Amino acid sequence: MIQKTLTSFDLKQIADSGQCFRMLPAEEANTYTVISGPHFLKAAQDGQTVTFFCEPEELPFWERYFDLDTDYDAFRKAINPRDAYLKQAADFGQGVRILRQDLWEMIITFIISQQQTIPSIRRRVEDLSHAYGSRLPVPGTFYSFPSPEQLSAASLEDLLAMKLGYRAKYIKRACEDACSGRLDLSYLGSLSYEDAMDYLTGFYGIGEKVANCICLFGLHHIDAFPVDTWIRKILMNRYAPKSRLPKDLPQSRVCEALIQKHFSRYRGFAGVMQQYIFYYERNAGEDLHGPS
DNA sequence: TGGCAGGGGCCTG
DNA sequence: CAGGCCCCTGCC
């Protein structure tokens, strides 16, 4: 067990931030279990004191996972003071970090995520881990996320039976591609953000949004800015100057323009801002919202 | 209770 | 660009 004093770090906020789906509350208060690939951690937080229940040799892995070397205060200080909404969102979620998660796990998880709710994504990921992952040698019943080889044991019918719907065929193909080497994870890991986007969107079932999530949470390209239905609504409601909107401009073009206008100043770390907004919108009570 | 809308979208025509 | 898609959940 190792204790550290951390700022801009909140286990609960991270668990509720919608970027990781295998970080769950433990029985003990203020305690969470986290599984990433084959790694397992139990961690507790009391104010700025965070306790890592793991062997010392595992600590570097989790320090990297939680991105502890990055200065999130600096990101928040870079926020445009005239952007009251973003400032409020960042203050609200100042314990959120962009995790360095397992690349393969992120690919499958965000393929699963399309047209699903967050609780539902959790269940699907957990079901896959129990069915095809490895039991972890820790107290309790925990399973690693299945490797490409392990997940390849699932037939299309198996995946359909696990309520993956039309995503089953995408997952099947991703397993085949990863095992054949056509989807080369270490090569993907060597690419720039732009090249990684091109590479990822070339695979079946991976579009721009999913690729951005993989870049942000699996490759730590923190410039990635995933635009989902929530972010799209926020952009339209909070950032679109309604008077100047051409009526027939496609919504995707409007979003592009709004991102360019309001978030290009955060080039290099715009994804952190996206995450503050996403967390705020999903977790702040109505009384904390600004004027609508 | 049943029907409908929508969910951290993507592929096909 | 429009339509369809698997299945679940929340809402009326």
Side-chain angles (χ1 to χ4, degrees), chain A residues 13-23 89 93 96-99 101 103 105-128 131 154-177 183 197-219 221-238 246-256 258-259 263 270-284 286:
Chain A
Q13 289 187 359
I14 293 168
D16 294 338
S17 65
Q19 61 178 303
C20 60
F21 301 91
R22 307 203 69 199
M23 181 167 174
V96 172
R97 282 168 177 267
I98 308 294
L99 303 177
Q101 300 188 71
L103 178 55
E105 184 174 337
M106 290 302 99
I107 291 173
I108 299 302
T109 297
F110 280 97
I111 286 176
I112 291 173
S113 79
Q114 48 188 283
Q115 292 292 102
Q116 299 241 40
T117 61
I118 289 175
S120 176
I121 299 165
R122 275 211 176 84
R123 266 182 300 242
R124 300 289 84 82
V125 171
E126 214 54 37
D127 287 349
L128 282 184
S155 67
L156 184 60
E157 291 71 27
D158 293 333
L159 295 172
L160 287 169
M162 301 189 77
K163 304 178 178 176
L164 289 163
Y166 64 81
R167 304 159 202 81
K169 56 184 182 291
Y170 303 155
I171 294 170
K172 187 67 193 148
R173 187 80 71 86
C175 288
E176 291 166 1
D177 288 340
L183 170 53
M197 283 296 293
D198 286 341
Y199 186 74
L200 281 166
T201 52
F203 290 91
Y204 188 48
I206 302 181
E208 196 167 343
K209 191 275 173 182
V210 169
N212 264 306
C213 286
I214 296 167
C215 282
L216 185 54
F217 306 128
L219 291 164
H221 292 309
I222 59 174
D223 203 22
F225 196 97
V227 177
D228 57 38
T229 54
W230 286 81
I231 294 293
R232 182 165 292 121
K233 279 178 204 162
I234 296 160
L235 286 170
M236 300 309 276
N237 293 334
R238 301 277 178 182
K247 285 177 190 170
D248 51 350
L249 198 62
Q251 208 183 48
S252 59
R253 289 292 177 190
V254 176
C255 286
E256 270 180 40
L258 291 173
I259 291 169
F263 293 90
V272 179
M273 301 303 158
Q274 189 271 7
Q275 206 51 195
Y276 285 142
I277 291 173
F278 186 79
Y279 175 78
Y280 178 66
E281 208 67 26
R282 296 294 308 251
N283 295 283
E286 281 72 13

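Here the structure is a predicted model, which is why all the values come from computation and not from measurement. A, B, ... follow the sequence lines: proteins, then strands. Residue 1 opens every chain.
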Given atom CZ of A/R122 and atom C1' of C/dT9, what is their separation to the nearest angstrom? 15 Å
For A/M162, is there any backbone N or O sitting under 3.5 Å from a side-chain donor or acceptor partner on A/R124? yes
What would the secondary structure line of DNA chain B be in dot-bracket form, counting Watson-Crick and G-U wobble pairs under 3.5 Å, with [ ] for pairs that cross earlier ones and | for pairs with another strand? .||||||.|||||
C/dG4 to B/dG8 separation - P atoms, rounded to the nearest Å: 23 Å
Integer-rounded Å distance: C/dC7 C1' and A/L159 CG: 15 Å
Mind checking whether A/F278 and A/W230 have parallel, tilted or perpendicular rings, split at 30° and 60°? perpendicular
Rounded distance [0.5 Å steps], CZ in A/F217 versus CE in A/M106: 8.5 Å
Is it true that a side-chain atom of A/Q19 and a backbone atom of A/V96 form a donor plus acceptor pair closer than 3.5 Å? no
So what does A/R123 touch, heavy atoms closer than 4.0 Å: a base, only the sugar-phosphate, or nothing? sugar-phosphate
With C1' as the reference atom in both, quote the distance from C/dC1 to B/dG7 in angstrom, rounded to an integer. 22 Å
In whole angstrom, give me the gap between the P atoms of C/dC6 and B/dG13. 14 Å
Let me have a per-nucleotide readout for nucleotides 8-13 of chain B, 5' to 3', with B, S or -, counting only protein heavy atoms under 4.0 Å. BBSSS-
Taking all atoms of both residues into account, what is the closest heavy-atom pair of A/D223 and A/A270, and its distance? OD1-N, 3.7 Å
Would you kindly give the CG-to-P distance between A/L164 and C/dC8, to the nearest whole Å? 11 Å
